[in-house]
Participant: 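Below is the structure I would like to discuss, written out as structure tokens.
Naming convention: chains lettered A, B, ... in sequence-line order (proteins, then strands); numbering from 1 in each chain.
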Amino acid sequence: MTDYGHDLLFGTFVTPSAQGAGHVLDLAVAADRAGLDLVTFQDHPYQSAFLDTWTLLAYAAARTERIHLAGNVLNLPLRPPALLARAAASLDVLSGGRLELGLGSGAFWDGIEAMGGRRLTPAEGVRALREGIGVIREVWDTDTKGGVHHRGEFYTVDGAKRGPRPAHEIGIWVGAYKPKMLELTGAVADGWLPSMSYLPDGADSLPGLNARIDDAAVAAGRAPRDVRRLLNFMDAGPASSADWAEQLADLALTHGISGFIVGGDDLATTERLAAEVAPAVREIVSKER
Amino acid sequence: MTNEVAIELTLGELSLDELTALTRHAEATDLDLVVLTGEDALLDPWTTAVWLAGRTERIRIATGRPGSPLPAVAAKALASAEALSGGRVLVADPAFVRLPARSTDDVDGHAPAVHAARRERRLAHRRPGIAYDDLPASLAATAVEPGDPAYRGASSTYLRGGSPGLVLRPRSATEVAHAVAFARGHRDLPLGVRSGGHGVSGRSTNDGGLVVDVGALDEVEVIDEEHHLVRIGPGARWKDVAAVLDGHGWAIGSGDYGGVGVGGLATAGGIGFLSRKHGLTIDQLRAVELVLADGSRVRASREERPDLFWAVRGAGANLGIVTAFEFEASEVDLVGWAQLVVVVSDLADGLRRFGEVASGAPRDTTVFLVTGRPQRDQAVLQLYGMVESADPEVVIERLTPFAEIGALARQQVVLARYADVMAIAADVGPEGHRGYGEPVTRSAYAPRLTPELAADTAALLDTGLVHFFQLRTMGGAIADVPADATAFAHRTPDFQVTAMGADRTGLDAAWDALAPHFDGLYLSFETDPRPERLHDAFPPPTLARLREIKRRYDPENLFRDNFNIDPQEGPHD
């Protein structure tokens, strides 16, 4: 039994469809009004049917009031870290501390190259992400004097101003599956954000993957609970909200999952998740903890 | 041309609250443009501009280009901001005249100059022959003229670019009457009437003329649960109608695309996925309310003004602007929704076989065909349609003969609500339609899809003159209605045929040669401007009766843009 003891977050995974921009915003606003904690959008800039996820995050943040927003996950190879850090801190300030930063190392290199990004090997991609996270934290660190100076393997920053200071501690959540990415997650990230459907053995993969993150965290002098564990689900769970809540509560209590992000692009699912499933999961988990 | 005048807000100089408050104040003061500057400020200008657009409704926010070193990513950010905000986020033009503001007093102080500049710009863009200043206040509040920011989204339609001199957007039947009165004062100008803006032949935009856009009249309301009576505004989209009716287990068949507006389709015919079972869309119509050329508001049904009711069902564009339709919806449960791609080696043979299968199918089954220019040794037939049955076995049984027309390359068959199928149509954002040019189409009714027609069609498609060729299957309940029951007289053909091309002269010549196979045309899909097309749309008895009705209801021919029945022509009594 693993439970890192985090409060539970419930959110949606909305397809950033360029054709239906109005519907995308409706789904974000519905999640906010329903009282969910998170609305997230995938980021594939080379996919012509999708909106630019950064621009969408900024616009959706302006149209909502309480909900937190995140890329799920943002494509670092196409979003240079110093600029992304400044944009992210700006949006966190504008939205009153509602931005979280989901990050990925990039997967579709043909698309990335077609948009003008640099093709990296998977191993390089992991190193670039680690370096990028360092740059991002530097830009956010407004307590240190002087500009940001960084000369690394992938990024060079020469005296960029620090700031703006984020309105809250923006969580850096990493989409990770392979050992090196899991190690990076444990060592430097605030959260782990994989998708259930990409886990090789579904929930049965979780103990092994969690252990890698835990070990890396400890090796880096951190505690396993410094890394929140979130999970994307492409579709709604069982038709019975009680059954669905049982499933999610089991993931929370057995595997320490504390963020549940559900896709499907469906208003009814958004409302059911907020009104029926989330309260039931919270009740079960608080009883068992 | 005068330059645009913008309120300039400098990042770094203003707090966040001030930034939002000043932008909102500028919007409330009826200013239309803010420029964000301060590139060396900490706050990212692009993110801030998009945020401010999200916190406002009408004002445009200009700033520098999105902060990405990758031009493709920056271009995508710009396009996305445009889609999300309805074109309100833009890259600042160096030609903008910038008036810096640090307080609401500054904004107020600049307002007269901005308003004066805008008036000047509006005047400079106005078209001759339109009495813009005579517009009644009710219409002026929502009207769009060429110098207005909203003009770009109001000038084009789905398939057609345009540059009208004035777009009137009435919000009620009374305002429609005001718009008609205004149009009467401008008889020499083109007059377009727009519901959803999807018209192929219906010219709901023009160059330098008037457009009456009834898009705001979009209510869908059940008025009699027991008799399934629904009252629908002309500006509603069929997908919205379907969504409301779905809650009652009902549907009204329309065409094949849920984005189309109610008004244009429901005054012309409506050949869709439910027609073989329930008839044309106009066959489910029970009453209309319309504004006539003299500005009067009247109701027409079988009991009241039956002649007008007869004429509206097939030739409505000639008689007035419908402000409300009353339909009797049908009970429709789950339907089988099919999209099949079939490859055939002999296009003529494939068309002929489709003709047999589609027209021989039971009434619950309506399948349409779309194809284009065949490749060297094969043609791709896209078949899509509906089986009105919730029983998967019936659905499969009905569709199997279609799948066997050739090699089945792709198939998607699902049980769905009719509303789900209509909902496939994309939403049109506040940026409006973006059509350009003029569509080149021809339409015809094929009484039968004979081997000779199939062969001649295949030869036509081989020329490449037609890039979109569609067969809409008719028959069934459409043919139950007598030819003289409505102004839609072509009741008995097996198919409505549409061809779309790019070369007007070439397509007309080729299509004219097919005339022996055809009997009449569906006016909605015909864009040939030659006057004899009117006689294809309306057979002689229908045309004679329409002309007599036109003489009574629109004697001075105000409504003349689309398949005009000139009251002055033809024999007088």
Side-chain angles (χ1 to χ4, degrees), chain A residues 16-26 28 44-48 50-64 75 77-80 82-96 99 111-118 139 142 160-165 167, chain B residues 11-12 15-17 19-20 23-24 36 38-57 61 63 65-89 239 243 259 420 423-431:
Chain A
S17 154
Q19 273 286 308
H23 187 56
V24 174
L25 291 171
D26 286 349
H44 298 286
Y46 35 79
Q47 163 62 270
S48 63
F50 286 177
L51 294 161
D52 172 55
T53 298
W54 186 258
T55 302
L56 171 59
L57 283 166
Y59 199 83
R63 292 269 147 162
T64 51
N75 188 304
L78 288 172
R79 303 190 181 277
L83 293 169
L84 178 59
R86 171 135 26 252
S90 299
L91 188 51
D92 198 50
V93 169
L94 288 162
S95 66
L99 184 81
I112 289 167
E113 208 169 29
M115 293 294 279
R118 174 176 159 196
V139 173
T142 53
K161 275 200 252 181
R162 294 170 187 275
R165 178 199 279 274
Chain B
L11 295 172
S15 73
L16 277 186
D17 288 346
L19 211 50
T20 309
T23 306
R24 285 184 161 164
L36 282 187
E39 304 300 321
D40 56 347
L42 285 176
L43 220 49
D44 174 50
W46 173 254
T47 303
T48 312
V50 173
W51 161 272
L52 286 173
R55 288 266 144 172
T56 50
E57 300 296 334
I61 320 283
T63 190
R65 290 185 65 79
S68 172
L70 306 176
V73 177
K76 185 171 187 109
L78 269 169
S80 300
E82 180 166 328
L84 287 161
S85 70
R88 295 189 299 114
V89 179
K239 64 186 283 188
D420 295 334
I424 294 167
D427 287 326
V428 180
E431 72 277 18

Participant: Of all the heavy-atom pairs spanning Leu70(B) and Met115(A), show the shortest one and how long it is.
Facilitator: CB-O, 3.8 Å

Participant: Report the option among Leu83(A), Asp52(A), Leu56(A) that has the most heavy-atom pairs separated by less than 4.5 Å from atoms of chain B.
Facilitator: Asp52(A)

Participant: How far apart are the C-alpha atoms of Trp46(B) and Thr55(A), what are their side-chain angles, what is the distance that settles it, and do they pass the side chain to side chain donor-acceptor pair (under 3.5 Å) test?
Facilitator: CA-CA 8 Å; Trp46(B) 173 254; Thr55(A) 302; 3.2 Å; yes

Participant: If you count heavy-atom pairs under 4.5 Å between each of Ala72(B), Pro66(B), Ser80(B) and chain A, which one has the most?
Facilitator: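 So the answer, after comparing Ala72(B), Pro66(B), Ser80(B), is Ser80(B).
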
Participant: Roughly how far apart are Thr48(B) OG1 and Leu91(A) CG, rounded to 0.5 Å?
Facilitator: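 CG of Leu91(A) is found 9.0 Å from OG1 of Thr48(B).
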
Participant: Who wins among Ala88(A), Pro45(A), Pro16(A), Gly20(A) for the most heavy-atom pairs under 4.5 Å with chain B?
Facilitator: Pro45(A)

Participant: Which one of Ser95(A), Ala89(A), Ala60(A) has the most heavy-atom pairs closer than 4.5 Å to chain B?
Facilitator: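 Top count of heavy-atom pairs under 4.5 Å with chain B: Ser95(A).
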
Participant: Does the Arg86(A) side chain pair with the main chain of Asp44(B), one donor and one acceptor, at a distance under 3.5 Å?
Facilitator: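 Checking the backbone N and O of Asp44(B) against the side chain of Arg86(A), no donor-acceptor pair under 3.5 Å is found.
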
Participant: Excluding sequence neighbours, so at least two apart, what forms side chain to side chain contact (heavy atoms under 4.5 Å, CB included) with Ser17(A)?
Facilitator: Gln19(A), Val24(A)

Participant: Quick check: closest heavy atoms across Arg79(A) and Val73(B), and the distance to 0.1 Å?
Facilitator: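 The pair with the smallest heavy-atom distance is NH1-CG1, 4.5 Å.
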
Participant: Please state whether the side chain, the backbone, both or neither of Thr20(B) comes within less than 4.5 Å of a heavy atom of chain A.
Facilitator: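 For Thr20(B), there is no contact with chain A at all, as no heavy atom is under 4.5 Å.
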
Participant: Excluding sequence neighbours, so at least two apart, what forms ring pair (Phe, Tyr, Trp, His ring centres under 6.0 Å) with His23(A)?
Facilitator: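 His23(A) satisfies ring pair (Phe, Tyr, Trp, His ring centres under 6.0 Å) with no residue once adjacent residues are dropped.
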
Participant: Taking the side chain from Lys76(B) and the backbone from Thr53(A), do they hold a donor-acceptor pair closer than 3.5 Å?
Facilitator: no

Participant: Given heavy-atom pairs under 4.5 angstrom as the criterion, report whether the side chain, backbone, both or neither of Leu16(B) touches chain A.
Facilitator: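 Contact with chain A: side chain only.
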
Participant: For Pro80(A), is it the side chain, the backbone, both or neither that has a heavy atom under 4.5 Å from a heavy atom of chain B?
Facilitator: side chain

Participant: Do Tyr59(A) and Val89(B) have side chains that get closer than 4.5 Å, going by heavy atoms?
Facilitator: no

Participant: On a heavy-atom basis, which atom in Ser90(A) and which in Leu42(B) lie closest, and how many Å separate them?
Facilitator: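 The answer is OG-O, 3.9 Å.
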
Participant: Scan side-chain atoms only and decide if Trp54(A) and Ser68(B) contain a donor-acceptor pair under the 3.5 Å cut-off.
Facilitator: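 Side-chain D/A pair, Trp54(A) to Ser68(B): absent.
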
